[in-house]
A.B. asks: 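Right, I'll just put the structure down here and ask away after.
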Amino acid sequence: MSIARDIRPRQDDAAFLATSPSASFNSPSSHSSVLNRTIPLNAKPLKPFATEDIKVLLLENVNQTGREILSQQGYQVEFLKSSLSEDQLIEKIRDVHVIGIRSKTKLTARVLKEAKNLIVIGCFCIGTNQVDLQYAADQGIAVFNSPFSNSRSVAELVIGEMVMLARQLGDRSNEMHAGTWNKVSNGCWEIRGKTIGIIGYGHIGAQLSVLAEAMGMSVIYYDVLNIMSLGTARQVKTLDDLLAEADFITCHVPEIPETKGMIGQKQFEKMKKGSYLINASRGTVVDIPALIDAMRSGKVAGAALDVYPNEPAGNGDYFNNDLNTFSADLRSLKNLIITPHIGGSTEEAQKAIGVEVAQALVRYANEGSTLGAVNLPEVVLRSLTMDEPDHARVIYIHKNIPGVLRKVNEIIGDHNVDKQMTDSRGDVAYLMADISNVDAATIKDLYTRLESLPSRIMTRVLY
Ligand SMILES: NC(=O)c1ccc[n+]([C@@H]2O[C@H](COP(=O)([O-])OP(=O)(O)OC[C@H]3O[C@@H](n4cnc5c(N)ncnc54)[C@H](O)[C@@H]3O)[C@@H](O)[C@H]2O)c1
Ligand SMILES: O=C(O)[C@H](O)COP(=O)(O)O
């Protein structure tokens, strides 16, 4: 029989359970010291049921910290510096079990449909809008990200950009590079005493709030949630309230249908004359042609953009009208800072993200833990220990429909279930159970019977 998905028993008996559970493939000594903090030292090294190594594809120059953690597990890691197009991804993703991406790689339903072996996606960034999260969940593919490891880097960038815009530093520096001495104070300001309006008071917005206040700014914010203010910041009721009051407006919302074009012509009309706009969230949040008009008319005195509707897969001479039709107009504007999506690109952030996401991928591949998953219910069981050599861990991802647990328990209930946990999120449920005193034949039988249930999305057995 063919193997449709890894991490499932090989169906040919000769190879079945051919490898000892204590094989060096996933031995505790191969865990990095960082990883040992999350998996106990005496943890039994669980491994995927099949003997094939796990194949990992890392795109978009994922940090070395993450690459090392995955390689140390014995996984086969392929690393690429840039992203891939949809068609290239479809070719590459077919035999991959784990994929690591950043914000550029679009894992659409069309791509994921071809990913027959994929069990988990790691977004080595904050945003997960580039992944079809629901489609992934429906296929039993877990998605992890790093929810706040680069928040501080973005907040610091915005503080720097406010000072740069208020002092027209970009223009002065460009002029000096061209040999022109142009000493002016007209239209140049301190940021002290000005009002910053933060749209989206989440991890980044809240960090920025504290930093801006320390710079002597008044802080107001707009968020769809009622969020506790930090320091003397003040939440305003509507976006219009914020636009009417703020001198610096900065966007920190996720890319979702509600935030698409949330700053457009109407919003620019409501801003104070001479205000500044910063967008380091996602390129679809600000209508850039409308921003160009607002800057040309003098309504907006300066702007900083880090993100764009279309961004290239890798570095090169791509910021032109082929990529975004407005690129040339944008580049001609004064007091405009344009950066290539570097908000989270610091050594500190990338190292931390590499560790955090790689650890989550290892915990999921080796132990089935969905703690921190963004599209599946969070289910964790304590690690099995070396004193439990004949235990197996059964993971059954299934449709959240009535009667499934009864059927599953009919199958595993004949054995000694040491511990079990189940949870659901929308249409998908995740069950994890540790079963003691099992041999190879039992594991194969359990697997086959669970796979035959109509509720099945994915079955994994780790031992
Ligand atoms: N430029 C970069 O390199 C970079 C780096 C990190 C994050 N980002 C982007 O920044 C975004 C925000 O990051 P975060 O970590 O602060 O996210 P977060 O989830 O912690 O906060 C987002 C906030 O936006 C609010 N929100 C959602 N919809 C809203 C709406 N319609 N109106 C007002 N508020 C709304 C949420 O309630 C939440 O408080 C990310 O989703 C990502 O796209 C960009
Ligand atoms: O979502 C994020 O964390 C940021 O947009 C950064 O994305 P990047 O890792 O692709 O730079």
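Just so you know, residue 1 is the first one in the sequence shown, and it goes up from there. Numbering of ligands and ligand atoms starts at 1, following listing order. None of these values were measured; they are calculated from a predicted model.
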A.B. asks: Which part of R282 is near ligand 1, with near meaning a heavy atom under 4.0 Å away: side chain, backbone, both or neither?
C.D. replies: side chain
A.B. asks: Applying salt bridge (Lys or Arg N to Asp or Glu O under 4.0 Å), can you list everything that pairs with E378, at least two apart in sequence or on another chain?
C.D. replies: none
A.B. asks: Please classify the I227 to ligand 1 contact at 4.0 Å (heavy-atom distances, strictly less than): side chain, backbone, both or neither.
C.D. replies: side chain
A.B. asks: Ignoring hydrogens, just give me the one of C251, G200, P254 whose non-hydrogen atom is nearest atom 27 (C) of ligand 1.
C.D. replies: P254
A.B. asks: Please check if a non-hydrogen protein atom sits closer than 4.0 Å to atom 19 (O) of ligand 1.
C.D. replies: no
A.B. asks: Is a donor on one side and an acceptor on the other found under 3.5 Å between the side chain of T370 and the backbone of P377?
C.D. replies: yes
A.B. asks: Under a 4.0 Å threshold between the charged nitrogen and the carboxylate oxygen, would E269 count as salt-bridged to K299?
C.D. replies: no
A.B. asks: Under 4.0 Å from a heavy atom of M262: which atoms of ligand 1 are those, numbered in the order shown and with their elements?
C.D. replies: 32 (N)
A.B. asks: How far is atom 23 (C) of ligand 1 from its nearest protein heavy atom, and which residue and atom is that?
C.D. replies: D223 OD2, 3.7 Å
A.B. asks: By the ring pair (Phe, Tyr, Trp, His ring centres under 6.0 Å) test, which pairs, at least two apart or in different chains, include something from residues 260-309?
C.D. replies: F248-Y276, Y308-F319
A.B. asks: Could you tell me if T238 and D241 have a donor-acceptor pair between their side chains, going purely by distance under 3.5 Å?
C.D. replies: yes
A.B. asks: Heavy-atom distances under 4.0 Å decide this one: backbone, side chain, both or neither, for V154 against ligand 1?
C.D. replies: side chain
A.B. asks: Below 4.0 Å from any atom of ligand 2, which residues have a heavy atom? Give them in chain and number order, please.
C.D. replies: R102, S103, F124, C125, I126, G127, N150, R282, H341
A.B. asks: Quick one: list whatever passes side chain to side chain contact (heavy atoms under 4.5 Å, CB included) with V307, sequence neighbours left out.
C.D. replies: N279, E311, H341
